[in-house]
Amino acid sequence: MPTPPSPRPAAPRALVVEDDPLYVTLYTEVLASTVPGIEIEHAANGYAALLHLAKQRPDLILLDLHMPGFNGFELLDIVKRKHGLADVPILVVSSAADETTQPLRELPGVHIFAKPLRPELLKKLIRQALSQASTGTHPARSRRLVSARFAAFVGEDLDLQRQIALQFFDLAPDRIARIADAARRRDYPQLREWCHTLTGTGSMIGAEALVQLVAELRQHLDDGEHAAIADAAEAVMEELRQIALVFDRDFDLYGNAH
């Protein structure tokens with residue numbers, strides 16, 4: 001008597017919680033191309049997401065934070081305290097200020113990234129999150145990290161770490177040039193925008209010195225001290241150069257990617 005075929009494993013499920021149709025389209029395409037056959041549900045706010053979660057447990061949640069009505073912060077507060085959902089990996093992709101997302105970084109299984117996130121990196125994050133959720137294991141810790149917080153934030157996949165390091169390395173010259181131009185023109189609103197961006201970047205890669213230097217630049221901007229602002233901006237730019245060099249050395253970016 002022939003052996004009956006083994007049942008096909010259930011397709012993984014993802015819930016996209018995002019109110020911007022453009023991002024919904026992008027995330028849907030990335031999910032579908034990364035995990036063929038994945039079942040994808042959409043919710044425009046936290047309340048709609050809870051209705052989905054009440055019916056079915058997803059294997060992955062892709063979440064924005066700022067949405068009308070019931071937002072992502074409130075959703076996380078419920079999900080991470082609810083039995084059966086607390087261990088669902090959640091990829092937060094948001095433009096929220098770093099100081100508001102900092103408490104969320106302590107939640108288990110929550111990984112926070114700033115918008116916009118490159119599709120290539122999002123694909124790797126999706127694979128990593130689904131793999132760890134299914135096996136309950138984590139890759140071996142890297143010995144080449146700028147700081148342990150880098151692994152804590154982006155995960156311990158060396159290829160993903162290298163991709164993020166390469167992105168930082170490639171962006172650094174343009175960011176330095178733009179900061180220098182804003183400082184020269186005394187475009188302080190633009191410098192404040194860079195303070196916001198670099199605080200998130202520094203927190204992500206564990207660059208505490210960069211975060212501190214950016215905080216000092218922000219303080220000088222608040223005080224309106226022109227000479228001090230110029231000096232603080234130069235210190236931030238130099239720290240960006242040094243971090244890029246560290247990434248280049250640790251991940252051999254120049255040797256393998258250029």
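All values reported here derive from a predicted model rather than from experimental measurement. Numbers here are sequence positions counted from 1. Because only heavy atoms are used, hydrogens play no part in the values below, and waters and symmetry mates are left out as well, while side chains stay in.
Counting non-hydrogen atoms of neighbouring residues, nucleotides and ligands closer than 6.0 angstrom, the OH atom of Tyr47 reaches no more than 12 such neighbours.
Looking at every heavy atom in both residues, Leu75 comes nearest to Ala49 through CD2-CB, 3.8 Å. The shortest heavy-atom contact between Ala48 and Ala44 is CB-N, 4.2 Å. Nearest heavy-atom pair, Ile38 versus Ala14, reported as atom, atom and distance to 0.1 Å: CD1-CB, 3.8 Å. The two residues Ala207 and Ile243 have their closest heavy-atom pair at CB-CD1, 3.7 Å. The minimum heavy-atom distance linking Ala209 with Glu239 is given by the pair CB-OE2, 3.7 Å. Asp59 approaches Pro12 most closely through the heavy-atom pair OD2-CA, 3.2 Å.
Atom CD1 in Ile40 sits 5.0 Å away from atom OG1 in Thr28 (nearest 0.5 Å). Rounded to the nearest 0.5 Å, atoms CG (Leu15) and CG (Leu60) are 9.0 Å apart. Here the CD1 atom belonging to Ile61 is positioned 9.5 Å from the CG atom belonging to Leu91, to the nearest 0.5 angstrom. Going from atom CD of Glu39 over to atom CD of Gln56 covers 6.5 Å, rounded to the nearest 0.5 Å. With values rounded to the nearest 0.5 angstrom, Asp64 atom CG is found 6.5 Å from Ser95 atom OG. To the nearest 0.5 Å, the span separating CD on Glu216 from CG on Leu221 amounts to 12.0 Å.
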Working note: Leu240 + Ile179, criterion side-chain contact (heavy atoms from CB on, under 4.5 Å); need CA distance, chi angles, decisive distance, verdict. CA-CA 11 Å; Leu240 288 173; Ile179 293 169; 3.9 Å; yes
Does the side-chain contact (heavy atoms from CB on, under 4.5 Å) test come out yes or no for Leu63 and Val16, once each step is laid out? CA-CA 6 Å; Leu63 176 67; Val16 176; over 6 Å; no
Step by step, work out the salt bridge (charged side-chain N to carboxylate O under 4.0 Å, His left out) result for Asp181 and Arg178. CA-CA 5 Å; Asp181 181 64; Arg178 290 177 182 271; over 6 Å; no
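Judged by distance alone, the side chain of His52 and the main-chain N or O of His42 form a donor-acceptor pair under 3.5 Å. Formation of a donor-acceptor pair under 3.5 Å by the Thr25 side chain with backbone atoms of Pro21 is found in this model. Although no hydrogens or angles enter the test, the distance criterion places no donor-acceptor pair under 3.5 Å between the side chain of Asp223 and the main chain of Glu225. Side chain of Arg57 to main chain of Leu53: no donor-acceptor pair is present (N/O by atom type, distance under 3.5 Å, no hydrogens or angles).
Under 3.5 Å, the side chains of His226 and Tyr188 contain a donor-acceptor pair of N or O atoms. Between the side chains of Glu238 and Gln242, at least one donor-acceptor pair of N or O atoms lies under 3.5 Å.
Residues Phe247 and Phe168 bring their aromatic ring centres within 6.0 Å.
The residues Arg192 and Asp187 are annotated as not salt-bridged, no charged nitrogen and carboxylate oxygen being separated by less than 4.0 angstrom. A salt bridge does not link Glu193 with Arg175: every distance from a Lys NZ or Arg NE/NH1/NH2 to an Asp or Glu carboxylate oxygen is 4.0 Å or more.
Hydrophobic clustering (side-chain heavy atoms under 4.5 Å, transitive across Ile, Leu, Val, Met, Phe, Trp, Tyr) groups Ile78 together with Val17. Each of Leu22 and Met67 belongs to its own hydrophobic cluster when Ile, Leu, Val, Met, Phe, Trp and Tyr are linked at side-chain heavy-atom distances under 4.5 angstrom.
In this structure, Val236 and Trp194 have side chains that are not in contact, with every pair of non-hydrogen atoms separated by 4.5 Å or more. The shortest distance between side-chain heavy atoms of Val211 and Leu198 does not fall below 4.5 Å. With a 4.5 Å cut-off on side-chain heavy atoms, His66 and Asn71 do not count as touching. At least one side-chain heavy atom of Val110 sits less than 4.5 Å from a side-chain heavy atom of Lys80. Side-chain contact check for Asp20 versus Val24: every heavy-atom pair is 4.5 Å or farther apart. You'll find the side chain of Val92 stays beyond 4.5 Å of the side chain of His111, heavy atoms only. For the pair Leu62/Ile90, no side-chain contact is recorded, criterion being any heavy-atom separation below 4.5 Å from C-beta on.
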Please set out all donor-acceptor pairs under 3.5 angstrom arising from side-chain atoms of residues 114-126, sequence neighbours excluded.
unit_1, atom_1, unit_2, atom_2, d
Lys115, NZ, Glu18, OE1, 3.1
Lys124, NZ, Asp159, OD2, 2.6

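Screening residues 14-38 for ring pair (Phe, Tyr, Trp, His ring centres under 6.0 Å), with sequence neighbours left out, gives Tyr23-Tyr27.
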